[in-house]
Trainee: 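Handing you a structure now.
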Amino acid sequence: MQIFRHTENLPAAARGAVVAIGNFDGVHRGHQTVVAAAQAEARRLGVPLCVLSFEPHPRSLFRPDDPPFRLTPFRIKARLLEALGVDLHVVLHFDQAFAARSAEDFIETVLVGALGARHVVVGYDFCFGHRRAGTPETLTAFGRLLGFGVTIVTQASDETGGLFSSSRARELLAEGDTRGAAEILGRPWEIEGRVEHGDKRGRELGFPTANVELGDFLRPAYGIYAVRCAVDEGGPLAWHDGVANLGIRPMWRTEAPLLEAYLFDFSGDLYHRHLRVQLVEWLRGEEKFDSLEALVAQIDRDCEAARQVLAR
Ligand SMILES: Cc1cc2nc3c(=O)[nH]c(=O)nc-3n(C[C@H](O)[C@H](O)[C@H](O)COP(=O)(O)O)c2cc1C
Ligand SMILES: Nc1ncnc2c1ncn2[C@@H]1O[C@H](COP(=O)(O)OP(=O)(O)O)[C@@H](O)[C@H]1O
């Protein structure tokens with residue numbers, strides 16, 4: 001997958017694609033159906049499959065004071081889109097000037113002018129352009145005039161009627177319902193990042209933990225989770241079961257919330273390596289213990305609980 005950060009000087013080969021437009025935060029099962037519809041169209045037409053999205057996420061521009069909410073910060077979204085078979089990912093810088101452009105201007109300059117889109121695919125609720133005036137119907141009407149096809153994908157749901165939505169996945173994670181979120185995403189939710197140095201207390205307690213900052217990631221329910229972890233260095237992944245503390249550690253009151261994972265049956269140096277951590281199940285809330293012994297005894301029980309959960 002090739003990534004383009006603007007539409008100037010796009011190579012000729014990148015023009016004329018089927019373009020799926022959206023933010024696709026989470027790349028959940030609903031997003032996956034949008035990309036699949038675009039892929040089917042791209043195969044039929046024999047042209048590349050392009051995803052057009054925006055960074056930063058428009059919500060950060062319109063609601064700058066919101067706490068972090070991303071299910072999939074850019075890098076992860078890109079990896080997931082690539083795995084779905086996307087050929088081109090065009091990521092446009094979303095700022096006030098971009099938000100002020102009219103729906104028509106966006107269609108004419110970006111979709112037609114810069115991308116030469118053959119066909120455009122959007123979800124049923126996609127809005128674009130100044131004051132969200134552009135709707136899927138606007139696209140259809142302009143497509144007829146300007147010569148591109150449009151597919152509008154209806155909202156997908158699971159067998160029980162549960163809707164696939166990013167907001168729903170965020171709510172579930174905020175409640176600690178990792179299984180519910182995984183049902184929407186089609187995979188366990190993951191946090192990943194570079195392993196940072198901590199206070200070196202972990203190894204003294206007998207549980208060294210690899211610390212990863214949360215950055216732009218949504219803050220899920222704080223607490224102790226059963227996790228699966230893998231070091232990602234571009235090659236094949238070896239997943240390790242483990243247990244993680246996510247939160248502010250009331251024993252020590254960490255300033256910023258942190259994810260720290262203890263990997264079972266692993267020893268080695270993880271500092272500065274890129275760690276992926278799947279949150280499989282929330283086990284309990286963070287607590288303040290009267291002694292280190294009490295904390296260690298509880299961590300022992302957490303490990304046992306996590307092993308059981310992960311063995312299922
Ligand atoms: C499974 C597990 C459970 C934990 N539970 C708590 C807890 O309930 N309260 C708390 O303050 N810290 C908890 N911690 C955090 C430990 O206090 C932490 O690992 C230790 O401070 C090491 O920090 P360091 O990596 O900065 O050295 C837990 C850690 C693990 C691995
Ligand atoms: N099983 C393990 N799980 C997690 N980290 C481990 C493990 N074994 C060794 N380590 C290493 O130990 C470091 C954590 O030790 P710790 O004493 O908690 O220090 P810090 O406070 O810097 O996180 C990790 O970053 C990693 O390099």
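Positions are given from 1 along the sequence. Computed over heavy atoms, backbone and side chain alike; hydrogens, waters and symmetry mates excluded. Counting starts at 1 for both ligands and their atoms, following the listed order.
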Trainee: For Thr209, which part has a heavy atom under 4.0 Å from ligand 2: side chain, backbone, both, or neither?
Mentor: both
Trainee: What part of Leu270, side chain, backbone, both or neither, has a heavy atom within less than 4.0 angstrom of ligand 2?
Mentor: both
Trainee: Among all protein heavy atoms, pick out the one at the shortest distance from atom 9 (N) of ligand 1; state its residue, atom name and that distance to 0.1 Å.
Mentor: Glu287 O, 2.6 Å
Trainee: Counting only heavy atoms closer than 4.0 Å, does ligand 1 sit against the backbone of Arg284, its side chain, both, or neither?
Mentor: side chain
Trainee: Any N or O on Lys200 sitting closer than 3.5 Å to an N or O of ligand 2?
Mentor: yes
Trainee: What residue and atom, counting heavy atoms only, is the protein's closest point to atom 9 (C) of ligand 2, and at what distance?
Mentor: Gly268 O, 2.9 Å
Trainee: Check each heavy atom of Val243 against ligand 1 and say whether those closer than 4.0 Å belong to the side chain, the backbone, both or neither.
Mentor: side chain
Trainee: Side-chain contact, heavy-atom cut-off 4.5 Å: Asn211 with His197?
Mentor: no
Trainee: Just to check, does Ala261 reach to within less than 4.0 Å of ligand 2 when the distance is taken from its heavy atoms?
Mentor: yes
Trainee: Measure the distance from atom 6 (C) of ligand 1 to every protein heavy atom, then report the residue, atom name and distance (to 0.1 Å) of the closest one.
Mentor: Asn245 OD1, 3.4 Å
Trainee: For Asp125, look at atom CG and say whether over 12 heavy atoms of other residues, nucleotides or ligands are found less than 6.0 Å away.
Mentor: yes
Trainee: Is Asp302 salt-bridged to Arg284, cutoff N-O under 4.0 Å?
Mentor: yes
Trainee: To check your reading of the model: name the closest protein heavy atom to atom 2 (C) of ligand 1, its residue, and the distance in Å.
Mentor: Ile299 CG1, 3.7 Å
Trainee: Among all residues two or more places apart in sequence or in another chain, which pass the side chain to side chain donor-acceptor pair (under 3.5 Å) test with Glu55?
Mentor: Arg70
Trainee: How long is the straight-line distance from CZ of Phe74 back to OG of Ser53, given to the nearest 0.5 Å?
Mentor: 7.0 Å
Trainee: Which atoms of ligand 2 sit under 4.0 Å from any heavy atom of Ala210?
Mentor: 4 (C), 5 (N), 25 (O)
Trainee: For Phe266, give me all partners under side chain to side chain contact (heavy atoms under 4.5 Å, CB included), at least two apart in sequence or on another chain.
Mentor: His240, Leu263, Leu270
Trainee: Can you tell me if Lys288 has a non-hydrogen atom under 4.0 Å from ligand 1?
Mentor: no
Trainee: Above 12 or not: heavy atoms from other molecules or residues under 6.0 Å from CZ of Arg201?
Mentor: yes
Trainee: Which residue owns the protein heavy atom closest to atom 17 (O) of ligand 1, what's the atom, and how far is it?
Mentor: Trp252 NE1, 2.7 Å
Trainee: To the nearest 0.1 Å, how far is atom 22 (C) of ligand 1 from its closest protein heavy atom, and which atom is that?
Mentor: Gly202 N, 3.3 Å
Trainee: If the threshold is 4.0 Å, N to carboxylate O, is there a salt bridge linking Arg249 and Glu286?
Mentor: no
